[in-house]
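First the structure, in the form of structure tokens, and then the observations on it.
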Amino acid sequence: MILPSQIFSMLPRPVQRQLEAYQDALSVFSEIRDPRVLRALGPSGLRGLILQRGKQGTPAQMPASHAAHFDWQYSDDMPEMRVLYERAKANQWNGADLPWHISVDPLNPEVPVLPKSFVDFEGLRVRGIHLTPAEEMRFLHSLSAWMLSQFLHGEQGALFAAAQVTESVQFFDGKLYGATQVMDEGRHVEVFHRYIDEKMGRLYQINDNLFTIIDSLMTDSRWDMKFLGMQIMVEGLALGAFGTLYQITSEPLLKNLLRNVIQDEARHVHYGVLALREHFSTALSESERREREDWAFEVALLMRNRFMAFEVYEEWFQGLMTRDEWKMFVTEVPGMKMFRQVMFTRLVPNLREIGLLSPRIMPHYDRVGLSQYFKGTSADKLTASDLMSGLDLAAAAE
Amino acid sequence: MGVSTDNFRSWVPRPVLEQARATLQDIAHIAACFRGEGPPPFQARGASAPSPGPVPVPVPVPVPVPVRAASAVITRRLRVLSSELCTPSALAIAFETEDGQPLGADAGQFLTVHWPLNGVVEKRAYSLASRADDGTRGRLVVKGAAGGRVSASLVARAGELRHLEVTGPSGHFVLDVRSRRHVFLAAGSGITPIASMLLTHVPLRKQDTFTLVYGSTSPEETILRRELLDLANEFPERFSIRWAFDQNANHFRSVPPPFSGALGGDLLTEILRTQPVIDLHDAAVYLCGPSPMMKAAQAVLDGANVPPARIRTERFASPGSRNVGPQNAVAGAVGSVRRVALRVILDGKTQEIIASTAQTILEAGLGAGLPMPYSCSMGGCASCRVHVTSGMAVMEEPNCLEAEEQRQGYVLACCTRPTSDLTVEVS
Ligand code: FES
Ligand SMILES: [Fe+2]
Ligand SMILES: [Fe+2]
């Protein structure tokens with residue numbers, strides 16, 4: 001509590017709620033131990049979590065300060081990236097070719113966008129909240145629209161970050177590849193936007209934590225931090241989220257859409273691993289490497305602990321339960337557990353592959369229960385079809 | 001003093017104005033939140049929003065293009081244009097790709113030559129010794145005398161060489177493109193990948209400096225001597241060479257004169273001490289040569305506090321010396337060919353296939369259609385590394401796996417054969 005509880009309870013309702021929200025935001029900062037990481041994330045956290053620049057209803061300006069890196073020699077400096085570039089060109093697809101004629105009714109329990117098992121409704125009942133079957137469907141609609149909205153916002157971030165990365169990356173082959181990623185992300189914005197507009201009928205505000213991460217990597221001037229943030233962390237998050245939804249949704253259009261998007265994203269992560277593995281192992285001092293290692297750990301935690309769908313909470317339950325109760329409820333929701341599982345199976349091996357999982361940091365991952373992912377396969381060893389067949393198998397086992 | 005708003009705007013710098021506007025908006029936002037009048041969590045979308053129009057006919061979703069054919073190791077055919085001895089014991093083979101596609105190699109990479117010998121297809125790595133930007137063309141240098149059976153056979157049959165079957169290019173021994181200073185230490189046939197880098201990059205990278213220390217038995221036995229001298233003459237401002245010869249150093253004229261003796265720790269230390277042009281500070285250092293020379297050079301570099309991250313080495317010091325054939329490995333271990341069950345864990349899925357003790361794990365896996373990673377197919381690049389979780393296998397030596405990795409139970413699928421039922425995990 002920011003204030004003693006007697007004073008707190010005397011305050012007007014809206015003020016109480018707002019203080020609750022700030023308290024939660026501040027706890028994000030107090031959990032960060034490394035001062036350098038705090039310095040890197042702090043200003044973005046202020047803009048995202050306190051000032052809520054993503055929710056003010058006006059376009060957000062994020063000044064960038066990176067250098068565009070030109071190479072007049074057009075060096076063939078990363079054959080693996082050239083291969084990726086070829087593959088990216090060959091695998092382009094047209095968003096308009098998806099089966100948009102399929103009509104989607106998010107409230108139809110026969111073809112649910114999210115299955116009822118995604119949410120533990122029993123967990124709501126023990127907190128005194130009883131929803132009728134129709135309300136349950138409406139709640140699932142909110143939750144799925146919220147998720148898809150965050151995907152869309154994340155894709156907008158990915159689009160601009162990919163453009164920045166293309167400017168600043170120091171491998172010429174990487175720049176060509178980057179151009180295809182910009183196209184990919186543009187297409188992802190297109191299809192998620194269209195899905196939300198035509199099929200879901202509502203767009204949620206950007207989540208403050210997502211805003212914070214995007215703001216942090218858009219404004220950081222170091223190209224490798226942009227890369228790490230975008231290509232490894234956010235793409236990892238995206239793969240986790242898309243993968244989960246892909247496995248559990250019964251809605252054929254969405255499944256189709258996600259299948260295509262996931263294959264693009266797998267390439268994006270692969271690119272990040274290639275570029276950073278080289279860079280981190282040859283061009284960084286040990287202290288710089290450590291800073292990145294810590295940063296990645298903190299962002300991984302942010303991603304694990306912080307996507308709490310508070311926007312859905314505010315719509316449905318504000319006043320019925322506290323933020324803390326909601327947090328506990330959401331953390332235990334089966335769908336969210338699955339999402340964390342899929343995300344970290346992809347993310348942790350990639351961190352290992354680029355050298356950000358040294359014995360020094362392992363105990364920290366272990367402490368937060370992530371050591372089971374240490375041995376997985378990294379993106380550069382994983383083809384898109386491996387990835388899809390893994391998901392298809394898991395979906396069949398559902 | 002009355003300053004109108006317009007005036008005010010004109011003398012306050014724009015960024016300050018924008019900052020002020022943003023801050024006012026922040027304050028208004030926070031105030032609204034405290035009044036309980038914050039923004040709604042979502043907005044309705046739909047019919048009113050612009051939509052990109054209906055698609056008349058549903059079009060099937062594109063099928064992903066397979067990245068790599070998964071049936072077996074695929075070789076490429078090269079047409080030999082010429083093959084001639086460039087020293088008394090080294091054969092230079094010039095070639096072009098038969099499919100007309102660019103070779104796609106990076107300077108410093110190697111090709112794996114598949115060469116039938118006594119009824120078995122042997123595989124050996126040979127570094128490219130040509131400019132990497134030559135499109136469909138390239139050149140390999142094969143050292144005969146001290147090399148193994150394959151090299152000897154290639155040199156002996158130089159006159160009748162028409163085609164070569166290869167895989168690759170593979171390998172990570174390439175220029176560190178972010179470094180502006182490059183120091184190369186080569187001995188014997190270790191010069192080939194280095195020559196490829198020099199021939200490719202010296203003409204183009206005008207900001208960089210390149211120095212080469214090259215040790216060889218004698219001036220007569222020195223591979224690519226002519227090309228390197230020409231390069232140094234053409235770009236004296238950014239490329240220089242220091243020569244060292246075990247014998248006959250006095251047959252060779254250069255400025256400064258060549259050093260005499262084998263390129264070991266002592267000679268290297270002396271060269272580094274007396275030749276300020278070889279500046280290790282901030283340089284990327286590249287090592288390739290026979291293993292005693294590599295060891296000695298490593299020690300010298302350690303002593304000079306060159307960080308390991310700045311040193312690149314080619315572990316196939318003399319590719320021709322891979323002598324252990326597959327028959328030896330299998331015969332030595334089990335005597336006769338048997339069938340075994342091979343379980344491959346790929347991305348968490350376990351697939352069981354029937355393999356034979358005469359097959360490598362890679363051959364068995366690819367044969368069964370598994371998308372196993374690989375590149376050089378002969379133990380030189382570690383792309384095919386797998387972890388043995390149970391069972392026994394023999395791995396051919398030498399290969400590029402570190403001792404530490406071997407202790408942890410890793411093997412290279414392309415040169416390891418099962419000797420019992422085996423489970424491996426692709427990592
Ligand atoms: S494929 Fe290169 S070591 Fe096995
Ligand atoms: Fe994307
Ligand atoms: Fe992406």
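To find a chain, count down the sequence lines: A is the first, B the second, and so on, and within it residues start at 1. In what follows, every heavy atom counts, from backbone to side chain, and hydrogens, waters and symmetry copies are set aside.
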Spacing of [X] atom [atom1] and [Y] atom [atom2] [to the nearest 0.5 Å]:
X	Y	atom1	atom2	answer
A:E80	B:D106	CD	CG	10.0 Å
A:K55	B:H29	NZ	NE2	7.5 Å
A:D76	B:L204	CG	CG	9.5 Å
B:F42	A:E315	CZ	CD	4.0 Å
A:L51	B:I27	CG	CD1	9.5 Å

Under 4.5 Å heavy-atom distance to chain B, tell me which part of [X] shows up: side chain, backbone, both or neither.
X	answer
A:T282	both
A:F171	side chain
A:Q61	neither

(message) According to salt bridge (Lys or Arg N to Asp or Glu O under 4.0 Å), who are the partners of B:D208, at least two apart in sequence or on a separate chain?
(response) B:R180, B:R205

(request) Please test A:Q52 against B:C33 for side chain to side chain contact (heavy atoms under 4.5 Å, CB included), starting from the C-alpha separation and ending with a verdict. (result) CA-CA 10 Å; A:Q52 296 190 308; B:C33 287; 3.9 Å; yes

(message) How close do A:S281 and B:A309 get, counting heavy atoms only, and between which atoms?
(response) O-CB, 3.2 Å

(request) Would you tell me whether A:Q56 and B:D26 have side-chain atoms, one donor and one acceptor, within less than 3.5 Å of each other? (result) yes

(request) Using a cut-off of 6.0 Å, state whether more than 12 heavy atoms not belonging to A:E288 lie near its atom CD. (result) yes

(request) Using side chain to side chain donor-acceptor pair (under 3.5 Å) as the criterion, list what pairs up with A:R47, not counting sequence neighbours. (result) A:D215

